[in-house]
Colleague: 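Take a look at the following structure, please.
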Protein chains: 2
Amino acid sequence: MTAPSEEPKVSLRERIVGQLRAQIESGSLKPGEQVPSENALTDEFGVSQTTARAALAVLRGEGLIHVVRGKGAYVRGFKPILRDATTRLSAQQWAAGHAIWLADLGLRPMGVDRIDVSRANAPDDVAELLRAAAVVVRDRVYSVEGRPVQWAVSYIPADLAAGTPIERPDTGPGGTYARLRDIGHEPVKFVEQVRVRMPNPVERKHLKLDVGQPVAVIRRTAATAADRVVEVNDMVLVGDAYVMQWSFTS
Amino acid sequence: MTAPSEEPKVSLRERIVGQLRAQIESGSLKPGEQVPSENALTDEFGVSQTTARAALAVLRGEGLIHVVRGKGAYVRGFKPILRDATTRLSAQQWAAGHAIWLADLGLRPMGVDRIDVSRANAPDDVAELLRAAAVVVRDRVYSVEGRPVQWAVSYIPADLAAGTPIERPDTGPGGTYARLRDIGHEPVKFVEQVRVRMPNPVERKHLKLDVGQPVAVIRRTAATAADRVVEVNDMVLVGDAYVMQWSFTS
DNA sequence: AAGTGGTCTAGACCACCTT
DNA sequence: AGGTGGTCTAGACCACTTC
């Protein structure tokens with residue numbers, strides 16, 4: 001009698017997710033705008049609050065919205081930062097490196113939320129790389145437009161850094177690498193290892209992360225021409241805040 | 001009368017999450033082992049199934065467990081693959097690049113699940129980079145140990161690739177780049193741009209991803225010495241399957 | 001006070017896997 | 001058949017924000 005069923009096959013949650021995602025991606029819900037509240041979704045789709053919540057949780061997990069307790073859920077809008085490892089640390093130009101993916105990653109001021117400098121014993125794996133246990137630790141959180149975007153912890157052998165501006169929060173022009181150069185240990189070789197994962201609770205706290213937001217974890221080792229490792233820098237980057245770029249030749 | 005309350009402050013869900021996470025990280029729950037089922041958690045912690053589910057969902061989101069419908073939840077254990085862009089594409093050696101983070105990323109055979117080669121019109125942004133709309137598209141999924149780990153789509157200008165082995169699934173020794181060299185368009189300059197985000201539904205399907213697993217999205221552009229872009233390769237890497245590495249000098 | 005999200009319960013039904 | 005996860009409801013109470 002009835003027409004063959006259309007086989008929706010998608011759960012109520014996914015139907016809500018799909019509609020909202022489409023609205024966000026099409027721009028009919030603009031960055032900063034409020035997403036329909038749980039109650040609104042309850043009415044509109046005739047589902048329970050639990051289901052409406054589950055739908056919003058999925059969008060959170062995709063980083064499309066962020067949520068403020070007691071206020072509402074809002075469409076994310078954050079222009080990613082271009083982090084170009086090779087041209088920041090070297091001065092090369094790459095003709096092929098222009099206009100890839102993003103034209104408008106304008107440079108924006110990056111501030112330091114917090115910085116702690118101390119002497120300590122390095123974790124085992126770091127000590128092995130540096131061939132030194134006693135290190136100066138530079139621990140800081142960077143922010144852009146009021147939002148924490150990176151947590152970085154650097155380890156420099158204490159026998160190099162002790163008593164130098166590296167032990168001061170502000171290391172002066174050119175930063176730690178320039179100071180290492182001043183004392184005859186200029187780093188010239190760099191290796192960056194990158195992992196992608198969900199943040200642990202400590203990282204979530206430092207970076208004020210919403211649940212479901214992935215991070216990139218970068219370990220950079222910096223070595224001199226004589227292959228002495230003079231710095232290990234462990235960085236945690238908020239995933240949707242960055243586009244990372246590396247350039248190289250064959 | 002009673003002792004001052006201990007102010008648990010953590011939700012039931014977080015308490016369950018914390019205990020299971022500790023067990024996984026301490027190794028008392030080993031990779032491949034089954035995590036207590038929802039019913040078991042319901043009994044052990046005296047919570048509803050919904051709450052037990054929510055706890056497991058968090059661990060899924062952190063990539064610590066994966067779930068098989070009708071069977072159970074299991075501790076993840078997958079040795080990540082080392083993807084060294086610079087030494088794979090060049091032949092350089094980096095003394096400082098050894099023994100960073102992971103000693104035992106033994107090379108494992110990477111197979112091709114599926115490969116489709118076709119001619120098509122490139123997406124606008126790719127066409128702009130290649131300065132050509134007509135392209136050969138190489139679309140494939142790679143697997144390691146039966147698990148999809150990467151989805152890669154390459155675009156090569158059709159006026160270069162047409163009629164060459166690049167249009168065949170197996171491009172022969174040295175791959176696409178060797179064939180481009182054969183016809184006088186050897187790529188020598190590379191730029192890789194990397195984003196970190198949650199996968200969209202299409203990516204989740206291709207890579208058979210569990211919910212809550214982040215991916216790295218890499219766009220590599222390969223250019224000749226004359227700065228002609230001869231390939232754009234869009235890759236989606238399963239986050240926890242990889243450690244990506246780049247090396248460079250200042 | 002009213003609206004928002006955050007947590008949780010008790011119970012239901014379904015789909016999938018193993019025995 | 002029985003266990004597992006997947007989806008969903010109806011309702012409760014709490015914490016936070018705005019008015």
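Remember, predicted model here, so these are calculated numbers, not experimental data.
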Colleague: Can you give me the first and the last nucleotide of DNA chain C (5' to 3') that has an atom within less than 4.0 angstrom of a non-hydrogen atom in chain B?
Modeller: C:dT7 to C:dT18
Colleague: Could you tell me whether B:Glu203 and B:Lys208 make a salt bridge, using a distance below 4.0 angstrom between a side-chain N and a carboxylate O?
Modeller: no
Colleague: Which residues pass the salt bridge (Lys or Arg N to Asp or Glu O under 4.0 Å) test with B:Arg147, not counting sequence neighbours?
Modeller: B:Asp240
Colleague: Not counting sequence neighbours, which residues clear side-chain contact (heavy atoms from CB on, under 4.5 Å) with A:Ser26? List them please.
Modeller: A:Ser28
Colleague: Run A:Tyr242 and A:Val149 through side chain to side chain contact (heavy atoms under 4.5 Å, CB included) and show every step you take.
Modeller: CA-CA 8 Å; A:Tyr242 280 93; A:Val149 293; 3.6 Å; yes
Colleague: Do A:Ile156 and A:Val135 touch side chain to side chain, with heavy atoms closer than 4.5 Å?
Modeller: no
Colleague: Do A:Lys30 side-chain atoms and A:Gly27 backbone N/O form a donor-acceptor pair below 3.5 Å?
Modeller: yes
Colleague: In terms of relative ring orientation, are B:Trp246 and A:Trp246 parallel, tilted or perpendicular, with 30° and 60° separating the classes?
Modeller: parallel
Colleague: Once you build an axis from the first five pairs and another from the last five of the helix from C:dA1-D:dT18 to C:dT18-D:dA1, how far apart in angle are they, to 10 degrees?
Modeller: 0°
Colleague: Could you measure the distance from the CG atom of A:Asn233 to the CD atom of A:Glu192? Nearest 0.5 Å is fine.
Modeller: 8.5 Å
Colleague: Here's a test of your reading of the structure: between B:Pro36 and A:Glu14, which maps to the more 5' nucleotide of DNA chain D?
Modeller: B:Pro36
Colleague: Ignoring hydrogens and angles, state whether a donor on the side chain of A:Ser154 or A:Arg220 is under 3.5 Å from an acceptor on the partner side chain.
Modeller: no
Colleague: To the closest 0.5 Å, what do you measure between OH (A:Tyr74) and CD1 (A:Ile65)?
Modeller: 11.5 Å
Colleague: Looking at residues 45-59 of chain A, who's got a heavy atom less than 4.0 Å off DNA chain C?
Modeller: A:Gln49, A:Thr50, A:Arg53
Colleague: Using a distance-only test with no angle check, is there a side-chain donor-acceptor pair under 3.5 angstrom linking A:Gln19 and A:Glu44?
Modeller: yes
Colleague: Generate the contact string for nucleotides 14-19 of chain D. Rules: B means base contact, S means sugar-phosphate contact only, - means no protein heavy atom under 4.0 Å.
Modeller: -BBSS-
Colleague: Is any side-chain N of the basic residue among A:Arg138 and A:Glu167 closer than 4.0 Å to the acidic one's carboxylate O?
Modeller: no
